[in-house]
Asks: 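Supplied in structure tokens, the structure appears directly below.
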Amino acid sequence: MTLTPIDCAVLSNAIGLCDTIKHLNIGNCHIQCEGIQRLGPGLHKCQELRLSFNKLGDSGVKLVSAALRNPECKIQSLMLWDVGLMDSAAEDLASALSTSPSLTELDLGENKLGDSGVRLMSAALRNPECKIQKLWLTKVGLTDSGAENFVSALSTNPSLTGLDLRWNSLTDRSVPALRRLILTLPSLEWIWLWGNPFSETGEEELSSLQEPRPGLTVIL
């Protein structure tokens, strides 16, 4: 399905008549920045907002960030898988996360954040106002160089229950940091790590942590 800017304007008018939208899934609708601009005034009303597989780019993501900053923002779950987000807009999004206590689930998978973009996200995760519980960072270009800072930030977030780091470039160099995260964050229930080039020894060191942490799932 394709939503043109005019379609988005019509949808925005409909949203404007509602106090709360429980679920808005407009993923893979070929929406670009102009469409998000038309939808912008009502996005903050959505409790679950799915925008994945749209070519929003940095400018479109900045409009989504503006919705997160709205004092009346109700967004709890935000799916931005493969929307063209790069590290140049990550700072704006990270700033919005720090001021959005309603947001508990965030999917940024398949975006070219790199270590620099993830570092900006880390700053938001350190903020006590950030209540992220589930975070998806699949294939975002995270390497060993950025893992230490990122893991350190997560270790200060008592809300985190799930973390997806699949298909990044983490090697055995990151294993000590990941072990610390798993052992020091009692709220963590699952962590997905497959697709990273760990050695067999590294995988064994990580999977063995399920023994001292009953209820924890480590998928490699």
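The shown structure was predicted, so the numbers you read here are calculated from the model rather than taken from an experiment. Values reported hereafter were calculated over all heavy atoms of this structure, with side chains retained and with hydrogens, waters and symmetry mates removed.
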Asks: Check for a donor-acceptor pair, side chain of Lys55 on one end and backbone N or O of His30 on the other, with a separation under 3.5 Å.
Replies: no

Asks: Say whether Leu181 and Trp136 are linked into one hydrophobic cluster, either directly or through other cluster members, by side-chain heavy-atom distances under 4.5 angstrom.
Replies: no

Asks: Distance check, rounded to the nearest 0.5 Å: Leu97 atom CG versus Met121 atom CE?
Replies: 5.5 Å

Asks: Are Ile15 and Cys18 packed together at the side-chain level, in the sense that at least one heavy-atom pair is separated by less than 4.5 angstrom?
Replies: no

Asks: Check whether Val61 and Leu135 end up in the same hydrophobic cluster, where Ile, Leu, Val, Met, Phe, Trp and Tyr are linked by side-chain heavy atoms less than 4.5 Å apart.
Replies: yes

Asks: Which heavy atom of Ala9 sits nearest a heavy atom of Arg38, and at what distance?
Replies: CB-NH1, 3.7 Å

Asks: Is a side-chain N or O of Ser159 found less than 3.5 angstrom from the main chain of Ile132, in a donor-acceptor match?
Replies: no

Asks: Take Ser174 and Asp144, measure what side chain to side chain donor-acceptor pair (under 3.5 Å) needs, and give me the verdict at the end.
Replies: CA-CA 6 Å; Ser174 295; Asp144 293 329; 2.5 Å; yes

Asks: Output every pair passing salt bridge (Lys or Arg N to Asp or Glu O under 4.0 Å) with a member in residues 154-175, not counting sequence neighbours, ordered by first then second residue.
Replies: Asp164-Arg166

Asks: Among side-chain atoms of Asp92 and Ser95, is any donor-acceptor pair under 3.5 angstrom?
Replies: no

Asks: Compare every heavy atom of Glu211 with every heavy atom of Pro214, then report the nearest pair and how far apart it is.
Replies: CD-O, 4.0 Å

Asks: Drop me the distance from Leu78's CG to Leu43's CG, to the nearest 0.5 angstrom.
Replies: 9.5 Å

Asks: Would a 4.5 Å heavy-atom cut-off, applied to side chains only, mark Ser77 and Thr104 as touching?
Replies: no

Asks: Quick one: do Met86 and Trp167 end up in the same hydrophobic cluster if we chain Ile, Leu, Val, Met, Phe, Trp and Tyr together by side-chain heavy atoms under 4.5 Å apart?
Replies: no

Asks: Within the distance-only criterion (no hydrogens, no angle test), does the side chain of Asn13 pair as donor or acceptor with the backbone N or O of Val10 below 3.5 angstrom?
Replies: no

Asks: For Asn149 and Ser152, what are the C-alpha separation, side-chain angles and deciding distance, and is it a side chain to side chain donor-acceptor pair (under 3.5 Å)?
Replies: CA-CA 5 Å; Asn149 180 269; Ser152 174; over 6 Å; no

Asks: Yes or no on side-chain contact (heavy atoms from CB on, under 4.5 Å) for Arg179 and Leu206, after CA distance, side-chain angles and deciding distance?
Replies: CA-CA 6 Å; Arg179 283 177 59 89; Leu206 290 167; 4.2 Å; yes

Asks: Closest approach of Val175 and Glu205, non-hydrogen atoms and distance?
Replies: CG1-OE1, 3.3 Å

Asks: Using a strict 4.0 Å threshold on nitrogen-to-oxygen distance, state whether Glu91 and Lys62 make a salt bridge.
Replies: no

Asks: Mind listing the closest non-hydrogen atom pair of Cys73 and Ser100 along with its distance?
Replies: SG-OG, 4.3 Å

Asks: Which one of Thr156, Leu160, Ile191 satisfies the side-chain contact (heavy atoms from CB on, under 4.5 Å) criterion with Leu185?
Replies: Leu160

Asks: Please say yes or no: joined through hydrophobic side-chain contacts below 4.5 Å, possibly via intermediate residues, are Leu142 and Trp192 part of one cluster?
Replies: no

Asks: Does the pair Glu129/Lys131 count as a salt bridge with the N-to-O cut at 4.0 Å?
Replies: no

Asks: Can you name the nearest heavy-atom pair linking Gly162 to Leu188, along with the distance?
Replies: N-CD1, 4.1 Å

Asks: Give the intermediate values and the outcome of salt bridge (charged side-chain N to carboxylate O under 4.0 Å, His left out) for residues Arg213 and Glu189.
Replies: CA-CA 9 Å; Arg213 282 287 313 277; Glu189 298 173 358; over 6 Å; no

Asks: With hydrophobic residues grouped by side-chain heavy-atom distances under 4.5 Å, do Phe53 and Val83 end up in a single group?
Replies: no

Asks: Quick check: closest heavy atoms across Leu170 and Ala147, and the distance to 0.1 Å?
Replies: CD2-CB, 3.9 Å

Asks: Backbone N or O of Thr138 within a donor-acceptor pair of the Asn168 side chain at under 3.5 Å?
Replies: no

Asks: Compare all side-chain heavy atoms of Phe198 with those of Leu193 and state whether any distance is below 4.5 angstrom.
Replies: yes

Asks: Tell me if a side-chain donor or acceptor on Ser102 pairs with a main-chain N or O of Gln76 at a distance below 3.5 Å.
Replies: no

Asks: Is there a donor-acceptor pair under 3.5 Å between the side chain of Gln210 and the backbone N or O of Val218?
Replies: yes

Asks: Looking at Lys139, I'd like to know if its NZ atom is crowded, meaning that more than 12 non-hydrogen atoms belonging to other residues, nucleotides or ligands lie closer than 6.0 Å.
Replies: no

Asks: Looking at CH2 of Trp194 and CG of Leu220, how far apart are the two atoms once the value is rounded to the nearest 0.5 Å?
Replies: 10.0 Å

Asks: After noting the C-alpha distance and the side-chain angles of Leu137 and Leu113, does the key distance pass the side-chain contact (heavy atoms from CB on, under 4.5 Å) rule?
Replies: CA-CA 9 Å; Leu137 291 173; Leu113 294 175; 4.2 Å; yes

Asks: Kindly compute the distance separating CD (Gln37) from SG (Cys8), expressed to the nearest 0.5 Å.
Replies: 11.0 Å

Asks: Please tell me if the side chains of Leu93 and Leu68 come closer than 4.5 Å, counting only heavy atoms from C-beta onward.
Replies: yes

Asks: side-chain contact (heavy atoms from CB on, under 4.5 Å), that's the test. Do Thr4 and Asp7 meet it? Break it down for me.
Replies: CA-CA 5 Å; Thr4 67; Asp7 293 330; 3.1 Å; yes

Asks: Looking only at atom types and distance, does a side-chain atom of Ser187 sit under 3.5 Å from a main-chain N or O of Pro158, one as donor and one as acceptor?
Replies: yes

Asks: Do Asn111 and Trp81 touch side chain to side chain, with heavy atoms closer than 4.5 Å?
Replies: no

Asks: Is it the case that the side chain of Asn54 and the backbone of Ile26 share a donor-acceptor pair, with hydrogens and angles ignored and the cut-off at 3.5 Å?
Replies: yes

Asks: Keeping the roles fixed (side chain from Asn25, backbone from Gly27), state whether a donor-acceptor pair exists under 3.5 Å.
Replies: yes

Asks: Mark yes when over 12 heavy atoms from residues, nucleotides or ligands other than Leu183 sit less than 6.0 Å from its CG; otherwise mark no.
Replies: yes

Asks: Verify whether one side chain among Lys74 and Thr20 offers a donor that lies under 3.5 Å from an acceptor in the other.
Replies: yes

Asks: What's the separation between atom NE2 in His44 and atom CG in Asn70, rounded to the nearest 0.5 Å?
Replies: 4.5 Å

Asks: Roughly how far apart are Leu108 CG and Asp82 CG, rounded to 0.5 Å?
Replies: 12.0 Å

Asks: Do any N or O atoms from the side chain of Ser155 and from the backbone of Val151 form a donor-acceptor pair under 3.5 angstrom?
Replies: yes

